[in-house]
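The structure under discussion appears below in the form of structure tokens.
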Amino acid sequence: MATPARQAATRVDWSALGSKLKPETVASVNAFRRRHTELTKTVTDLREQSATIDFQHYAKILKNQKVVQDAERAFKGFSPATYDLKEQLRAIESQQKAAVTAAQKTAQKVNIEVDELKSLLTNIETARPVDQLTVEDVAKAYPDLDKTVEKMVKRGQWKVPGYYERFGDFIVGF
């Protein structure tokens with residue numbers, strides 16, 4: 001029977017998930033999945049290997065029966081070491097919390113940006129066309145522009161700095 005974790009892993013659309021995450025997060029997830037696949041394959045291979053040893057056969061072949069008896073005793077008395085995984089699980093949980101926090105912060109930033117873009121789109125859609133704007137409208141939108149123009153006129157400065165370099169000299173002639 002499949003565990004809930006396996007069931008969840010099979011339901012995840014990994015390609016869609018990859019397009020929604022940051023590149024470094026995608027790389028970490030892919031590295032984790034690759035490592036998990038390798039370990040699963042290793043465990044499967046080890047389970048398929050035969051672990052039975054015919055000690056009777058070795059007792060017949062070898063002259064030193066004590067070696068065979070010691071090996072058989074060691075084999076039967078072997079028990080795999082158990083590891084305390086609490087530290088590793090704690091580290092995984094802390095990484096998961098950090099990832100969730102980062103994802104929430106990113107979601108907040110994206111939501112703020114979406115709201116700003118929606119308001120900008122609304123402004124663009126409700127704005128009057130450029131050919132219907134008047135000088136008064138521009139002065140109202142940019143009050144410091146009037147002050148700048150007044151300063152330039154007082155100085156006798158009739159050319160806007162950088163204008164000709166950027167747009168060239170516009171001459172109408174016949």
Side-chain angles (χ1 to χ4, degrees), residues 1-130 141-142 144 161-163 165-168:
M1 181 166 186
T3 63
R6 285 185 195 265
Q7 290 173 352
T10 57
R11 291 184 188 144
V12 172
D13 183 6
W14 294 104
S15 59
L17 182 67
S19 66
K20 295 176 183 176
L21 298 175
K22 291 181 180 178
E24 58 269 8
T25 307
V26 172
S28 297
V29 169
N30 286 339
F32 181 79
R33 287 182 62 212
R34 217 175 4 262
R35 180 79 173 128
H36 177 265
T37 304
E38 291 170 3
L39 291 174
T40 305
K41 183 179 180 296
T42 303
V43 167
T44 304
D45 291 345
L46 290 173
R47 283 186 180 155
E48 290 174 357
Q49 290 179 356
S50 176
T52 58
I53 299 174
D54 185 11
F55 288 104
Q56 299 298 330
H57 172 73
Y58 289 108
K60 290 178 189 175
I61 296 174
L62 297 174
K63 292 181 183 178
N64 190 348
Q65 297 296 313
K66 186 173 185 319
V67 171
V68 175
Q69 291 169 356
D70 289 344
E72 187 174 7
R73 193 175 322 116
F75 182 75
K76 288 181 179 177
F78 173 77
S79 63
T82 57
Y83 293 100
D84 185 21
L85 300 176
K86 290 179 184 175
E87 283 296 319
Q88 291 176 346
L89 291 175
R90 238 182 264 131
I92 290 171
E93 287 174 6
S94 68
Q95 287 178 347
Q96 181 180 8
K97 286 178 184 176
V100 167
T101 304
Q104 288 172 342
K105 286 181 182 178
T106 302
Q108 288 174 347
K109 288 179 184 177
V110 168
N111 288 337
I112 290 169
E113 189 173 335
V114 166
D115 292 340
E116 290 173 356
L117 290 173
K118 283 181 181 178
S119 69
L120 178 63
L121 182 61
T122 304
N123 287 343
I124 290 171
E125 289 173 346
T126 58
R128 285 190 291 175
V130 175
Y142 298 100
D144 58 331
Y163 179 84
E165 290 82 10
R166 185 167 182 188
F167 299 107

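Here the CZ atom belonging to Arg35 is positioned 10.5 Å from the OG1 atom belonging to Thr40, to the nearest 0.5 angstrom. To the nearest 0.5 Å, atoms CG (Leu46) and NZ (Lys41) are separated by 10.0 Å.
Taking a cutoff of 4.0 Å between a charged side-chain nitrogen and a carboxylate oxygen, Glu93 and Arg90 do not qualify as a salt bridge.
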May I have the list of side-chain donor-acceptor pairs in residues 103-116 shorter than 3.5 Å, sequence neighbours left out?
| residue | atom | partner | partner atom | Å |
| --- | --- | --- | --- | --- |
| Thr106 | OG1 | Ala102 | O | 2.8 |
| Asn111 | ND2 | Ala107 | O | 3.2 |

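The shortest distance between side-chain heavy atoms of Val67 and Tyr58 does not fall below 4.5 Å. Here the side chains of Arg73 and Asp70 are in contact, with some heavy-atom distance below 4.5 Å.
For Glu72, the side-chain hydrogen bond (donor to acceptor under 3.5 Å, both in side chains) partners are Lys76, not counting sequence neighbours. Residues that satisfy the side-chain contact (heavy atoms from CB on, under 4.5 Å) test with Asp54, not counting sequence neighbours, are Gln56, His57.
Contact between Val68 and Phe55 at its shortest, heavy atoms only, is CG1-O, 3.7 Å.
Crowding of Gln96 atom CD: a count of heavy atoms from other residues, nucleotides or ligands under 6.0 Å not exceeding 12.
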